[in-house]
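In what follows, a single structure is set out as structure tokens and then discussed.
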Amino acid sequence: MRIVTNPERLNKVCEPVDYKTSRQIANKMIMFLLSHKRIGDNSIGLACNQLGLDGRILLIKQGNKWTRIINPVILNRSDETIITEEKCLSIKKKSVKVERYTSIKIYQNVKELKEQVMEFSGLDAIVIQHEIDHLNGILITDKE
């Protein structure tokens, strides 16, 4: 497995998955990050389609731990936005200025989970928006 850089593959919208499938996909993603230490140490988010995996799963690094988010949907956004300079594992040697909301509330659309609504702000909110864009087939270069 390796990082997908083909825009045709990355521009496809990812389909939701069930809880069992999400765990399998997330485990593959985490194993990739652990086996590619340089990428894992220098990354703060990853969408499953960046590894050629099918589903709507993203990982966000919080401290030293990777948090799995399944079938995310943004429910609410702050009125406040920020312009960020973003890079992407799938787009080599390029950074793009992107406008992001400073805080978001998301819903994990999975029946088997107890807590389904989560709020994020600051860097976590920015990373999640970036990764949800991936799941929706949107790259940072589409926002130039």
Side-chain angles (χ1 to χ4, degrees), residues 1 3-5 7 9-92 94-144:
M1 198 174 342
I3 298 292
V4 173
T5 57
R9 174 79 171 133
L10 293 167
N11 286 332
K12 293 182 181 175
V13 176
C14 299
E15 296 297 324
V17 294
D18 60 51
Y19 182 71
K20 181 180 177 184
T21 304
S22 76
R23 288 184 56 87
Q24 294 167 346
I25 292 168
N27 287 341
K28 288 179 184 179
M29 294 168 71
I30 290 169
M31 291 306 295
F32 172 85
L33 292 167
L34 291 174
S35 65
H36 294 80
K37 189 166 174 45
R38 185 182 60 77
I39 294 172
D41 287 350
N42 295 309
S43 299
I44 53 177
L46 184 67
C48 65
N49 58 337
Q50 289 183 276
L51 295 177
L53 300 170
D54 294 323
R56 277 189 79 77
I57 314 300
L58 66 85
L59 298 177
I60 179 173
K61 189 185 259 182
Q62 297 182 297
N64 291 327
K65 181 183 172 194
W66 288 96
T67 301
R68 167 183 48 138
I69 300 176
I70 306 163
N71 304 330
V73 175
I74 297 177
L75 295 175
N76 248 333
R77 301 164 177 90
S78 61
D79 291 333
E80 186 179 348
T81 61
I82 187 170
I83 303 293
T84 63
E85 185 89 18
E86 297 183 19
K87 294 183 178 183
C88 180
L89 289 171
S90 294
I91 302 169
K92 302 292 183 203
K94 183 161 181 130
S95 62
V96 175
K97 290 185 179 183
V98 180
E99 185 174 19
R100 300 285 186 197
Y101 297 98
T102 58
S103 64
I104 57 173
K105 184 184 287 188
I106 66 168
Y107 173 73
Q108 287 193 98
N109 186 12
V110 180
K111 293 177 185 175
E112 296 89 343
L113 292 178
K114 293 177 185 172
E115 185 178 5
Q116 295 182 327
V117 176
M118 299 178 284
E119 294 185 45
F120 296 93
S121 60
L123 182 59
D124 288 345
I126 291 164
V127 173
I128 289 170
Q129 290 170 81
H130 178 106
E131 302 310 334
I132 288 176
D133 278 351
H134 272 298
L135 299 177
N136 291 330
I138 300 167
L139 301 173
I140 56 172
T141 51
D142 296 332
K143 295 182 173 266
E144 287 183 296

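E131 and G45 make their closest contact through OE2-C, 3.2 Å (heavy atoms, listed as atom of the first residue, atom of the second, distance). Of all the heavy atoms in S95 and K87, the pair that sits closest is CB-CG, 3.8 Å. Nearest heavy atoms, N11 versus G137: OD1-O, 3.2 Å. Heavy-atom minimum distance, C48 versus G55: SG-O, 3.2 Å. Closest non-hydrogen pair, K97 versus I83, comes out as CB-CG2, 3.9 Å. Minimum heavy-atom separation, T81 to T102: C-CG2, 3.9 Å.
Residues R56 and I70 fail the side-chain proximity criterion, which asks for heavy atoms closer than 4.5 Å. Side-chain contact between I106 and M118: present, with at least one pair of heavy atoms (C-beta onward) separated by less than 4.5 Å. Residues E119 and N76 fail the side-chain proximity criterion, which asks for heavy atoms closer than 4.5 Å. Residues K28 and L51 form no side-chain contact, since every pair of their non-hydrogen atoms from C-beta on lies 4.5 Å or further apart. Within the 4.5 Å cutoff, the side chain of N49 has no heavy atoms near those of the R9 side chain. Using a 4.5 Å cut-off on side-chain heavy atoms (C-beta onward), K105 and V117 make contact. Using a 4.5 Å cut-off on side-chain heavy atoms (C-beta onward), K143 and E99 make no contact. Counting heavy atoms from C-beta on, the side chains of I128 and P72 never come closer than 4.5 Å.
The CG atom of L59 lies 11.5 Å from the NZ atom of K65; values are rounded to the nearest 0.5 Å. One distance of note links CG of L135 with NE2 of H130; it measures 10.5 Å at 0.5 Å rounding. Here S22 contributes atom OG and N71 contributes atom CG; the two are 7.5 Å apart, rounded to the nearest 0.5 Å. Separation of atoms CD1 (I140) and CD1 (I91) is listed at 4.5 Å; rounding is to 0.5 Å. Going from atom CD1 of I25 over to atom CZ of R68 covers 10.5 Å, rounded to the nearest 0.5 Å. Note: S103 OG to I126 CD1 = 10.5 Å, rounded to the nearest 0.5 Å.
Side chain of K61 to backbone of N42: no donor-acceptor contact under 3.5 angstrom is found. Side-chain atoms of N27 never come within 3.5 Å of backbone atoms of Q24 as a donor-acceptor pair (strictly under, hydrogens ignored). A donor-acceptor pair under 3.5 Å links the side-chain atoms of T84 to the main chain of V98, judged by distance alone. With D18 contributing its side chain and K20 its backbone, the two residues share a donor-acceptor pair below 3.5 Å. Panel note: side chain E144, backbone V96; no donor-acceptor pair is recorded below 3.5 Å.
Salt bridge R100/D133: present, at least one basic N to carboxylate O contact under 4.0 Å.
Heavy-atom neighbours of D79 CG from other residues, nucleotides or ligands within 6.0 Å: at or below the threshold of 12. Heavy-atom contacts from other residues, nucleotides or ligands closer than 6.0 Å to CE of M31 number 12 or fewer.
Using modelled atom types and a 3.5 Å distance limit, the side chains of E80 and S78 yield no donor-acceptor pair.
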Worked check of side-chain contact (heavy atoms from CB on, under 4.5 Å) between I104 and Q129: CA-CA 8 Å; I104 57 173; Q129 290 170 81; 3.9 Å; yes
Before you tell me yes or no, could you show the steps for F32 and Q50 under side-chain contact (heavy atoms from CB on, under 4.5 Å), namely the whole-Å CA-CA distance, both residues' side-chain angles and the distance that decides it to 0.1 Å? CA-CA 11 Å; F32 172 85; Q50 289 183 276; over 6 Å; no
